[in-house]
Amino acid sequence: MKYWLMKSEPDVYSIEHLAAEIKGTAYWDGIRNYQARNFIRDDMKVGDLAFFYHSNCAEPGIVGVMEIASAAYPDYTAFDPKEKYFDSKSEKTNPRWFMVDVKLRRKFRISLSLKDIRLEKKLSKMKLVQPGNRLSISPVTKIEWDHIMAMVDGD
DNA sequence: GCCAACGTTGGC
DNA sequence: GCCAACGTTGGC
């Protein structure tokens with residue numbers, strides 16, 4: 001099983017949106033970066049766990065935990081010209097972009113801010129805090145994962 | 001809203 | 001294949 005961190009702008013789609021999904025799951029669309037695409041398509045498996053990260057907002061940070069609920073399948077929003085993330089180069093017969101379904105496992109009572117992550121020496125190797133990192137999907141090591149969970153739960 | 005750091009595009 | 005121009009990301 002693998003661990004991940006997935007970014008979303010809360011103005012667009014927040015953990016509260018996910019919590020309000022009737023079905024309990026949602027499709028994680030709009031990934032338009034090859035490296036992130038490859039993680040989704042090639043490495044993500046059903047049952048993997050992922051941190052829900054709020055980006056580009058007042059208090060960026062990790063706000064909860066999701067479970068990957070499906071294998072990767074073509075991101076059909078790329079096929080629809082009316083969609084924000086339409087991409088004419090992604091064809092139905094040869095899709096360029098993929099997505100997975102996610103399910104909310106847990107919303108943290110107190111989220112872990114980027115500031116606090118930066119202050120934590122043991123998390124200094126995280127992809128998230130590497131200079132210039134903009135990847136919206138990144139792998140998290142088990143050690144990092146466990147450490148964050150311990151921080152969130154106050155040991 | 002600013003802007004630095006990236007990734008992508010397209011002319012050559 | 002180079003690289004300038006452009007668009008996007010995301011912290012601040």
Side-chain angles (χ1 to χ4, degrees), chain A residues 2-21 26-44 48-68 70 72-141 143-145 147-152:
Chain A
K2 293 199 173 75
Y3 299 96
W4 304 94
L5 181 141
M6 300 168 77
K7 296 180 185 174
S8 182
E9 302 187 16
D11 289 348
V12 179
Y13 193 85
S14 72
I15 195 165
E16 284 78 20
H17 289 115
L18 180 55
E21 298 282 355
Y27 56 85
W28 199 270
D29 65 328
I31 301 298
R32 298 291 180 271
N33 167 283
Y34 290 105
Q35 217 182 327
R37 189 275 314 266
N38 292 346
F39 282 137
I40 283 185
R41 190 191 56 187
D42 306 333
D43 298 331
M44 266 190 185
D48 284 1
L49 297 178
F51 288 129
F52 196 130
Y53 179 88
H54 280 175
S55 69
N56 202 12
C57 56
E59 176 110 329
I62 297 173
V63 294
V65 172
M66 300 180 282
E67 184 181 330
I68 305 306
S70 82
Y73 58 97
D75 182 340
Y76 49 76
T77 69
F79 305 141
D80 184 351
K82 291 196 292 288
E83 289 281 351
K84 181 184 176 199
Y85 290 108
F86 170 67
D87 181 355
S88 61
K89 288 174 188 147
S90 187
E91 300 160 44
K92 284 183 186 170
T93 51
N94 184 25
R96 176 178 290 197
W97 307 116
F98 289 78
M99 59 186 174
V100 292
D101 291 346
V102 294
K103 181 166 125 192
L104 184 64
R105 268 229 180 164
R106 201 177 147 186
K107 182 180 164 221
F108 295 151
R109 196 171 56 79
I110 299 168
S111 43
L112 183 63
S113 70
L114 177 60
K115 211 185 304 170
D116 289 341
I117 295 170
R118 286 225 161 97
L119 286 172
E120 188 70 18
K121 272 225 178 67
K122 286 177 181 164
L123 299 177
S124 63
K125 297 266 174 60
M126 274 190 87
K127 282 259 185 355
L128 176 71
V129 294
Q130 299 315 303
N133 165 72
R134 291 188 316 172
L135 260 189
S136 60
I137 308 272
S138 57
V140 172
T141 69
I143 290 170
E144 290 160 353
W145 182 277
H147 192 71
I148 288 170
M149 292 308 285
M151 286 173 79
V152 166

Establish, yes or no, whether a centroid distance under 6.0 Å links the rings of A:Trp4 and A:Phe51.
no
Check for me whether the distance between the ring centres of A:Trp97 and A:Tyr34 falls short of 6.0 Å.
yes
What integer distance in Å separates A:Asn33:CG from B:dT9:P?
11 Å
Below 4.0 Å: OP1/OP2 of B:dC6 and any side-chain N or O of A:Arg32:
no
A:Tyr34 atom OH is separated from C:dT8 atom C1', nearest whole Å, by 15 Å
Strictly by modelled atom types, are A:Tyr76 and A:Asp29 linked by a side-chain donor-acceptor pair under 3.5 Å?
no
How long is the line joining CG of A:Leu135 and P of C:dG11, in whole Å?
13 Å
Please check this pair: side chain of A:Ser111 against backbone of A:Val63, looking for a donor-acceptor N/O pair closer than 3.5 Å.
no
Do A:Arg134 side-chain and C:dT8 base share a donor-acceptor contact under 3.5 Å?
yes
5′-ward residue of the pair A:Asn56/A:Pro131 relative to DNA chain B
A:Asn56
Could you tell me the separation between the CZ atom of A:Arg37 and the P atom of B:dG7, rounded to a whole number of Å?
15 Å
Atom NE2 of A:His54 and atom C1' of C:dG10 are separated, to the nearest Å, by 14 Å
